[in-house]
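Just the heavy atoms: all of them, side chains too, but no hydrogens, waters or symmetry mates, feed the values below. The chain is numbered in sequence order, starting from 1.
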Amino acid sequence: QVQLVESGGGLVETGGSLRLSCVGSGFDRTEDYVIGWFHQAPGKGRVGISSISTKEGRIYYRESVKGRFTISRDAAKDTVFLQMDKLTPEDTGTYYCASGFLTIRSFAMRRETDFPYWGQGIQVTVSS
């Protein structure tokens, strides 16, 4: 059973930076997974913003975070990072790390249902 634990959230001013971490465990080493970050703004649904495949490290970014967020991984430690720069109040919300088997659809983070494994979520607040 895959388990995911996020860390690194907090309060930051507009224009500031935060780095989120997601430590995973329980992966089947014969499979290729995608690990992604979802953002849930207050009162809204979750939106996939960035993903990375576990074997080849292929990367996807939602348009709204391109040039500001950087996803990376430490494959040896089953850890994925999300470096968030130039933060704005619109980035406020809960960030979830999620994982599923790699497919074209899961890589592009089109549906939450492609991700059976989820972390508990972590709060990010960007003050204006």
Side-chain angles (χ1 to χ4, degrees):
Q1 179 78 0
V2 173
Q3 293 185 323
L4 304 167
V5 179
E6 305 103 332
S7 63
L11 173 65
V12 66
E13 294 182 346
T14 295
S17 299
L18 282 174
R19 188 192 197 203
L20 306 183
S21 299
C22 173
V23 179
S25 61
F27 293 107
D28 181 343
R29 299 298 180 186
T30 66
E31 298 286 350
D32 202 357
Y33 294 83
V34 60
I35 301 176
W37 290 95
F38 285 80
H39 170 227
Q40 185 170 26
K44 297 187 178 180
R46 290 188 287 205
V47 174
I49 58 173
S50 185
S51 69
I52 188 166
S53 64
T54 57
K55 286 193 174 181
E56 295 185 3
R58 286 178 285 177
I59 289 173
Y60 160 82
Y61 292 110
R62 188 178 181 86
E63 194 65 34
S64 59
V65 305
K66 283 183 179 178
R68 300 191 301 124
F69 291 7
T70 304
I71 194 169
S72 61
R73 81 193 198 283
D74 182 337
K77 297 181 179 179
D78 287 337
T79 300
V80 171
F81 305 99
L82 186 68
Q83 177 67 38
M84 305 189 295
D85 299 317
K86 303 176 184 177
L87 286 162
T88 73
E90 288 69 36
D91 297 315
T92 292
T94 304
Y95 285 75
Y96 295 90
C97 178
S99 184
F101 294 114
L102 178 65
T103 66
I104 293 175
R105 197 172 68 189
S106 68
F107 180 72
M109 308 186 78
R110 299 191 187 281
R111 298 183 187 181
E112 290 184 34
T113 51
D114 292 327
F115 293 81
Y117 311 111
W118 291 80
Q120 78 283 2
I122 194 162
Q123 182 66 32
V124 170
T125 303
V126 185
S127 63
S128 57

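- One distance of note links CZ of F81 with OG of S7; it measures 8.5 Å at 0.5 Å rounding.
- In terms of modelled atom types and a separation under 3.5 Å, the side chain of E6 and the main chain of Q120 share a donor-acceptor contact.
- Using a 4.5 Å cut-off between side-chain heavy atoms of Ile, Leu, Val, Met, Phe, Trp and Tyr, with links allowed through other members, L102 and I71 fall into different hydrophobic clusters.
- Between V124 and G9, the shortest heavy-atom distance links the atoms CG2-CA, 4.2 Å.
- Annotation: the span from M84 atom CE to L20 atom CG amounts to 4.0 Å, rounded to 0.5 Å.
- When atom types are taken as modelled, the side chain of S51 and the backbone of F107 share a donor-acceptor pair closer than 3.5 angstrom.
- There is a path of hydrophobic side-chain contacts, each under 4.5 Å, that joins I59 to V65.
- Applying the ring pair (Phe, Tyr, Trp, His ring centres under 6.0 Å) test to every pair with at least one member in residues 59-80, sequence neighbours left out, gives no pairs at all.
- Annotation for Y95 and D91: closest pair OH-O, 2.6 Å, computed over non-hydrogen atoms.
- The stretch residues 114-128 participates, sequence neighbours left out, in these salt bridge (Lys or Arg N to Asp or Glu O under 4.0 Å) pairs: R105-D114.
- Under the salt bridge (Lys or Arg N to Asp or Glu O under 4.0 Å) criterion, the residue pairs touching residues 38-60 are R46-E112, E56-R58, with sequence neighbours excluded.
- R62 pairs by the salt bridge (Lys or Arg N to Asp or Glu O under 4.0 Å) definition with nothing, not counting sequence neighbours.
- Atom CZ of R19 sits about 10.0 Å away from atom CG of L82, to the nearest 0.5 Å.
- Nearest heavy-atom pair across W37 and C22 is CZ2-CB, 3.6 Å.
- Between the T125 side chain and the T92 main chain, no donor and acceptor come within less than 3.5 Å of each other.
- G93 approaches P42 most closely through the heavy-atom pair CA-CD, 4.2 Å.
- Minimum heavy-atom separation, L18 to L87: N-CD1, 3.8 Å.
- For E13, there are no salt bridge (Lys or Arg N to Asp or Glu O under 4.0 Å) partners at least two apart in sequence or on another chain.
- A donor-acceptor pair under 3.5 Å is formed between the side chain of T14 and the backbone N or O of S127.
- The side chain to side chain contact (heavy atoms under 4.5 Å, CB included) check on F27 picks up V2, L4, Y33, I35, D78, S99, with sequence neighbours excluded.
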Practice problem: Would you sort out whether Y117 and Q1 count as a side chain to side chain contact (heavy atoms under 4.5 Å, CB included), showing the intermediate values? | Solution: CA-CA 9 Å; Y117 311 111; Q1 179 78 0; 4.0 Å; yes

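- In this structure, M109 CE and I49 CD1 are separated by 7.5 Å, a value rounded to the nearest 0.5 Å.
- For the atom pair CD1 (I122) and OG1 (T94), the distance works out to 9.5 Å, reported to the nearest 0.5 Å.
- Heavy atoms from other residues, nucleotides or ligands lying under 6.0 Å from CD of Q3 number 12 at most.
- Taking the six-membered ring where the residue is Trp, the centroids of Y96 and F115 are separated by 6.0 Å or more.
- Scanning all heavy atoms of the two residues, the minimum distance from Q83 to S17 falls at NE2-CB, 3.8 Å.
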